[in-house]
There are 2 protein chains.
Amino acid sequence: MTHSADIVRTGRKFEQVLEGAREIFMAEGFEGASVDEIAKAAGVSKATLYSYFPDKRLLFVEVVRAQCDRMADRAIELISECAPPRQILTVAAGHIVRFLLSDFAQRIFRICVAERDRFPELGQSFYANGPQMGKARLAEYLSDAVTRGELRIEDIELAAEQFQELCKTRLWLRAAFGIQEVFSEAEIDYVIDNAVETFMARYGAK
Amino acid sequence: MTHSADIVRTGRKFEQVLEGAREIFMAEGFEGASVDEIAKAAGVSKATLYSYFPDKRLLFVEVVRAQCDRMADRAIELISECAPPRQILTVAAGHIVRFLLSDFAQRIFRICVAERDRFPELGQSFYANGPQMGKARLAEYLSDAVTRGELRIEDIELAAEQFQELCKTRLWLRAAFGIQEVFSEAEIDYVIDNAVETFMARYGAK
DNA sequence: GCAAGTGTAAACTGATTGGTTCACTTCCAA
DNA sequence: TTGGAAGTGAACCAATCAGTTTACACTTGC
């Protein structure tokens, strides 16, 4: 584990440094961010920064790790009520889409992809805390729904992943490339409804 | 248009330069590639390189533009035979998946995303020559199949995009993050079959 | 009041990079 | 044969950046 080793967490300015680094790294990526810039944004001298973190790399890893933790907290509460699947899936899709299109997720995704070779562990961390966790929650619900006889699914994991993919339709790729920045509620709802419709066509109990 | 303006296309070494740049940029990205490195890879002096291209930026744009053009050539031939939709879709999905997972597509994708702010036009070019073109071809086939009564689709464009997304399930994201490098035929076929199955469940003529 | 711990500002090092210049060579066509 | 275009390689410049060091200031507790 690289975590927390070599990192001094005592001292008043620790959080400040982390916060400044978060801001700059998220805006500029790893290479794009200079340490001077980070120190300035954090309202801290470079020497202080280096008294907490041994180097830029470790600071970066720490920032992304913290962001991923945050992400885990925001994880969607799948209301496990016994509402009809269509309704529950629609709500879930709303959460998924809004997360995928969030500034936060988009930025982290870009950084993970851009820095893939330099920091292979970033992608894994993001994947585990983001898509994979979402899939797990979804699979949990689907599993319940199947035992309740509301759905008919052979491979639950795959179904969950297909649903996630369906939620990206027409939206995610355009956002990732910066082709489209804002999406109207109507656009989003249309995609969501169709995702649910297609999913139910395959997996809905007859 | 920035294209071709300020670029001298005469001279024996022009192609060499472009080829070297392609190699290095594709492997290292924009920032990651140094001009010296490119000149070396091209077997050309830095002065020569700069006699062709006014600066690194333009060289980069030229390289990626050429790559995107190439992509259009590889575009999938959708056999418009009147084979049953399931069969045609399975073949199409095979092409889509294999392209998405190719080293080529993965690299270009990464560069487009990473360099999104510096070169916004790259993403658009990639999107237009890749996903969008694929969608168009697919939509064309779907449209025919609908008139033939083999499928029932209201929004053909959306259906095509959903199919593309279904093809990514379980594979693409893992490849993009570098979590998984190689995928077995069995894995791929499984995903493809399920993509077709889900698609047909929604859009197959009853 | 003083010493230790924490922080600051700024200068500095060493390395890299994009881009330029220049003296020199190679090669081909008129 | 010769003149000019194309190419070479190495030195060079200015800028940027990670990381270090030094000399100084502030607080806090004893």
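Chain A is the first sequence line, chain B the second, and so forth, proteins listed ahead of strands; every chain is numbered from 1.
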Please name all residues satisfying side chain to side chain contact (heavy atoms under 4.5 Å, CB included) with [X], sequence neighbours left out, ordered by chain then number.
{"X": "B/P131", "value": "A/L173, B/F126, B/Y127"}
{"X": "A/Q124", "value": "B/I179"}
{"X": "A/A201", "value": "B/A201, B/R202"}
{"X": "A/R170", "value": "A/Y190, A/V191, B/D155, B/E157, B/L158, B/E161"}

Grab the [atom1]-[atom2] distance between [X] and [N] for me, whole Å please.
{"X": "A/D55", "N": "D/dT20", "atom1": "CG", "atom2": "C1'", "answer": "14 Å"}
{"X": "A/R57", "N": "D/dG19", "atom1": "CZ", "atom2": "P", "answer": "11 Å"}
{"X": "A/F53", "N": "D/dA18", "atom1": "CZ", "atom2": "P", "answer": "15 Å"}
{"X": "A/F14", "N": "C/dG7", "atom1": "CZ", "atom2": "P", "answer": "11 Å"}
{"X": "B/K40", "N": "D/dT8", "atom1": "NZ", "atom2": "P", "answer": "15 Å"}

For residues 34-43 of chain A, tabulate all N or O donor-acceptor pairs below 3.5 Å that involve a side-chain atom, not counting sequence neighbours.
from  : atom 1 : to    : atom 2 : distance (Å)
A/S34 : OG     : A/E37 : N      : 3.1
A/E37 : OE1    : A/S34 : N      : 3.4

(request) Answer yes or no: does a side-chain N or O of A/Y52 lie under 4.0 Å from OP1 or OP2 of C/dT6? (result) no

(message) Tell me whether the side-chain N/O atoms of B/K56 come closer than 4.0 Å to OP1 or OP2 in C/dG18.
(response) yes

(request) Could you tell me which residues satisfy ring-ring contact (aromatic ring centres under 6.0 Å, His included) with B/Y50, sequence neighbours excluded, listed by chain and number? (result) none

(message) Taking A/E19 first and then A/R22, would you say they form a salt bridge - that is, a charged N and a carboxylate O separated by under 4.0 Å?
(response) yes

(request) Write out all pairs satisfying side-chain hydrogen bond (donor to acceptor under 3.5 Å, both in side chains) with one or both partners inside residues 108-118 of chain B, taking only residues at least two apart or from two chains. (result) A/R110-B/D117, A/D117-B/R110, B/E31-B/R118, B/E115-B/R118

(request) Under 4.0 Å from any atom of DNA chain C, heavy atoms only: list the residues of residues 42-51 of chain A that qualify, in numerical order. (result) A/G43, A/V44, A/S45, A/A47, A/T48

(request) Taking only heavy atoms on the protein side, list every residue of residues 22-38 of chain B lying under 4.0 Å from any atom of DNA chain C, sorted numerically. (result) B/A33, B/S34, B/V35

